[in-house]
Structures are given as C-alpha cells and as structure tokens.
Amino acid sequence: MLLRLAYLTVTNAFAALRLLPMSDRDKDVEILVLRHQIAVLERQLCADTRVRFAPEDRAFLAALLTSLPREVLRQLRLLVRPDTVLRWHRDLMRRRHARICRPKRPGRPPTVPSIRALILRLVRENPSWGYRRVHGELTTLGIKVAPSTVWEILKQAGLDPAPERASTTWTDFLRSQADALLACDFIETITLSGQRQYVLAVIGHATRRVRVLGTTAHPSANWVTQAIRNLVMDLDDAGCRARFLLRDRDGKLPILMDEVLAEAGIKTVLTGIRMPRMNSIMERRVQSCRSMSFSTAASSGTNATCGTLYASTNGSTTSTAHIKPWPKPPRCVPSRSRSRGQSESLI
C-alpha cells in the first residue's frame with residue numbers, strides 16, 4: 001500500500017507540473033471534459049454497482065479533498081458522496097494515531113526503580129514477610145502495585161515470595177511430635193450442692209490417654225505443683241518420654257510447675273491468647289466429657305466427671321445413651337503420693 005501510494009503521489013506531482021504552463025481557459029475545458037466523462041461512466045454503471053477504491057486511492061483522494069470546505073466539496077462531481085471522503089480521512093487519521101501511539105515494547109510498563117528498591121528493602125529488613133504482606137504495606141503508603149508485580153520482583157531478585165510456606169506450621173508440629181506431646185487443662189464442674197470443683201487432667205496426643213491428676217475445690221499453686229510431680233513420677237514408671245506439654249495461660253497453673261517439668265526434660269509450650277485451637281485435642285476432650293456427664297453430674301457430682309474421663313480413656317463413645325454401665329469409678333485423688341506431708345497438702 002505504501003509503495004502504491006508513493007507511486008500515485010509522484011505521478012500526480014508531475015501532472016501538477018504539467019498544469020503550470022496551461023492557461024485558465026484550458027484548465028476549465030479539461031475540468032468540463034472530466035466531469036462529462038464521469039457522468040457517462042455513472043450512466044453506464046448499474047444502480048447496484050458500486051465503484052471500488054483501493055486503500056491507496058482512498059488515502060490519496062482524502063488527502064486532496066479534505067482541505068476543501070464542505071460546501072465546496074458538495075459541489076464537486078465525485079463518484080462517492082462527500083461524507084464518504086470525510087470518513088476515509090477519519091480512518092486515515094485513526095490509523096496514523098494508532099501507529100504513533102503504539103508502545104515501543106509490548107506488555108506493561110516496567111516498575112519504577114524506586115518502588116523496586118523499596119520492595120527489596122522491605123523484604124530484606126523483614127525476612128518473614130511474604131509478597132502479600134509487602135503489597136499491603138505498599139498500599140498503606142499509597143503506592144499502587146499489583147501483588148503479582150511484587151511476586152515477580154522478588155523472584156527476579158532470587159528471594160522467596162512466600163517464606164512462611166517453607167516454615168513449619170502448628171499443625172505439622174503437632175503431628176510430627178505427637179509421641180512426645182502432652183496437654184493439660186482444668187475441667188470445671190458443679191456438684192449437686194452447688195460446689196464448684198476443678199479436675200486437673202493430662203492427655204497424650206499419640207494415645208489419647210487421659211490421666212486424671214486430681215480434683216479440688218481450691219486449686220492452689222502447691223496443689224498443682226504436687227500433682228505435676230506425681231505426673232512426672234508416673235511418666236518415669238511408665239517409660240513415657242514426653243518432651244512438650246501444652247497448656248493455656250490459666251492463672252491456676254503456676255510457673256513453678258514449669259520448673260518441675262523442665263527438671264524432668266519436658267518443655268512447657270503456652271498457647272496463644274484466646275486461641276483454644278492450639279490445644280484443640282484437650283479442648284475437644286473437655287467438651288466431650290461435659291456432654292457425657294451432663295445428665296449424671298447433677299446426681300453424682302464430681303464422681304460423674306471423673307467417671308466420664310475414665311470411660312473416655314478406655315475408648316467409650318461421647319454419648320451417654322451408648323455407654324455401658326462401668327464399675328464404680330475410682331476416687332479422683334492424685335495418682336501417687338510419696339509422703340504423708342504431701343498427701344495432707346493435697347487434701
């Protein structure tokens with residue numbers, strides 16, 4: 001098309017040079033002859049036949065005729081309507097504008113170097129942040145960058161866009177250390193007389209075995225510490241090699257019990273504030289015990305809760321309607337007592 005348009009431009013330029021020596025009378029005669037020839041051509045063409053112009057012909061005619069006013073353009077003898085010529089000119093300008101405004105390189109424009117440097121600085125100063133956290137911080141600062149852009153910048157810099165995925169989650173920790181995990185919690189119950197009792201129980205994550213350490217109406221620090229000492233002795237006798245004990249931040253659990261466990265090689269792991277799901281196994285067992293002993297707690301008091309723990313330890317179901325009668329549950333006292341003074345302290 002460009003070659004054809006250049007050819008038409010050159011030939012018509014020479015034609016314009018040929019018109020220079022001609023007089024105005026000769027030019028008018030030639031114009032009248034051309035108009036008559038167009039009229040003859042229109043009579044010979046059928047009504048349904050349309051004259052087809054090549055793209056280069058349209059561009060050439062639009063370039064010549066657009067400079068004329070519209071009133072003069074309507075008086076010319078043309079094979080097409082003046083509106084058609086104007087449409088050709090608009091199409092020509094639109095293609096020219098699209099060609100000029102086309103970006104030199106495809107795709108989205110590159111990120112500003114200052115924003116790229118800021119992203120890398122945030123990640124290096126905060127290694128635990130992922131690309132989502134960095135994107136949120138940039139949004140807070142008023143910088144509009146897509147999360148995928150942050151991902152690409154970190155990948156190009158050789159940094160992990162999501163470092164938290166490579167770390168060990170809390171669920172993976174519980175599953176991998178199930179054989180060495182214990183969890184403890186207080187089970188609160190109310191007897192028929194209205195007295196509130198607290199049952200201290202420990203469960204093993206691997207076996208789901210519940211150990212009832214004791215029950216009391218006033219869980220003092222000395223009572224809890226002695227119960228933990230008895231637990232440590234029972235674990236030694238049973239050959240259990242526990243390494244971690246999960247507990248919540250209850251004020252009834254003193255810091256002294258952590259020291260007793262640390263001497264035995266057991267590390268205390270505190271759950272988060274208002275995060276019972278971190279100790280979900282013990283919390284689920286407490287809820288099961290409450291639902292099992294609800295119908296019998298009013299008549300049997302503390303012994304019903306202890307019996308429920310005894311049944312859950314032996315694999316009974318959580319519904320009292322399906323539980324077979326079991327023997328009289330053992331007294332809920334600390335599992336072992338090494339001296340008379342220790343027993344008196346528990347009482």
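Just so it is clear, the structure is predicted and the values come from calculations on it, not from any experiment.
T149 places no side-chain N or O within donor-acceptor distance of the main-chain N or O of V145, the cut-off being under 3.5 Å. Between the S280 side chain and the P276 main chain, no donor and acceptor come within less than 3.5 Å of each other.
Taking all atoms of both residues into account, the shortest heavy-atom contact from M282 to A201 is CE-O, 3.7 Å. For the residue pair A146 and H135, the shortest heavy atom distance occurs at C-CD2, 3.9 Å.
Contact of the T84 side chain with the L86 side chain is not registered, since no non-hydrogen atoms from C-beta on lie closer than 4.5 Å. Looking at heavy atoms from C-beta onward, E259 lies out of side-chain contact with T225 at the 4.5 angstrom threshold. Contact of the M93 side chain with the R95 side chain is not registered, since no non-hydrogen atoms from C-beta on lie closer than 4.5 Å. Side-chain contact check for L245 versus V269: every heavy-atom pair is 4.5 Å or farther apart. Using a 4.5 Å heavy-atom cutoff, the side chains of V202 and V210 are not in contact. Within the 4.5 Å cutoff, the side chain of V123 has no heavy atoms near those of the Y131 side chain. Using a 4.5 Å cut-off on side-chain heavy atoms (C-beta onward), R132 and P147 make contact. Contact check for L174 versus L246: side-chain heavy atoms found under the 4.5 Å cut-off.
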(message) Using the rule given for salt bridge (charged side-chain N to carboxylate O under 4.0 Å, His left out), can you reason through D179 versus R241, listing the C-alpha separation, both sets of side-chain angles and the distance that settles it, and then say yes or no?
(response) CA-CA 8 Å; D179 295 334; R241 296 294 181 264; over 6 Å; no
(message) Is there a side chain to side chain contact (heavy atoms under 4.5 Å, CB included) between N279 and D248? Walk through the geometry before answering.
(response) CA-CA 8 Å; N279 197 7; D248 54 13; 5.6 Å; no
(request) Check the pair Q156 / R116 against side chain to side chain contact (heavy atoms under 4.5 Å, CB included), numbers first and verdict last. (result) CA-CA 11 Å; Q156 293 175 2; R116 181 185 297 270; 3.2 Å; yes
(request) Give the C-alpha distance, both sets of side-chain angles, the deciding distance and a yes or no for side chain to side chain contact (heavy atoms under 4.5 Å, CB included) between V224 and F186. (result) CA-CA 10 Å; V224 175; F186 275 102; 3.8 Å; yes
(request) Using the side chain to side chain contact (heavy atoms under 4.5 Å, CB included) rule, take I228 and L213 through it: C-alpha gap first, then chi angles, then the decisive distance, then the call. (result) CA-CA 8 Å; I228 294 298; L213 303 185; 4.2 Å; yes
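No side-chain N or O of Q226 forms a donor-acceptor pair with one of N222 less than 3.5 Å apart.
K252 NZ to M257 CE: the interatomic distance, rounded to the nearest 0.5 Å, is 12.5 Å. Going from atom SG of C240 over to atom CD1 of I266 covers 7.5 Å, rounded to the nearest 0.5 Å. In this structure, the separation between CD1 on I119 and CZ on R124 is 11.5 Å, given to the nearest 0.5 Å. In this structure, CG on L154 lies 8.5 Å from CG on D160, to the nearest 0.5 angstrom. With values rounded to the nearest 0.5 angstrom, R249 atom CZ is found 10.0 Å from M275 atom CE. Atom CG in L182 sits 12.5 Å away from atom CZ in R243 (nearest 0.5 Å).
For R175, the side chain to side chain contact (heavy atoms under 4.5 Å, CB included) partners are T171, not counting sequence neighbours. Listed by chain and residue number, V232 satisfy the side chain to side chain contact (heavy atoms under 4.5 Å, CB included) test with D236 (two or more places apart in sequence, or in another chain). Residues satisfying the ring-ring contact (aromatic ring centres under 6.0 Å, His included) test with F244, not counting sequence neighbours, are F173. Here T271 pairs with nothing under the side-chain hydrogen bond (donor to acceptor under 3.5 Å, both in side chains) rule; sequence neighbours left out. The side chain to side chain contact (heavy atoms under 4.5 Å, CB included) test applied to K155 returns W151, P161, not counting sequence neighbours.
The environment of I273 atom CD1 is sparse: at most 12 non-hydrogen atoms of other residues, nucleotides or ligands sit within 6.0 angstrom. Atom NZ of K267 sits in a sparse spot, with 12 or fewer heavy atoms from other residues, nucleotides or ligands closer than 6.0 Å.
We find that R285 and D185 are not joined by a salt bridge, their nearest charged nitrogen and carboxylate oxygen being 4.0 Å or further apart.
Applying the salt bridge (charged side-chain N to carboxylate O under 4.0 Å, His left out) rule to pairs touching residues 137-147 yields R133-E137, sequence neighbours excluded.
Placement of I255 and V260 in two distinct hydrophobic clusters is found when ILVMFWY residues are connected by side-chain heavy-atom separations under 4.5 Å, directly or transitively. By the criterion of side-chain heavy atoms lying less than 4.5 angstrom apart, applied directly or through intervening Ile, Leu, Val, Met, Phe, Trp or Tyr residues, L253 is not grouped with L256; the two fall into different hydrophobic clusters. Hydrophobic clustering, with ILVMFWY side chains joined whenever heavy atoms are under 4.5 angstrom apart, groups V112 together with V150.
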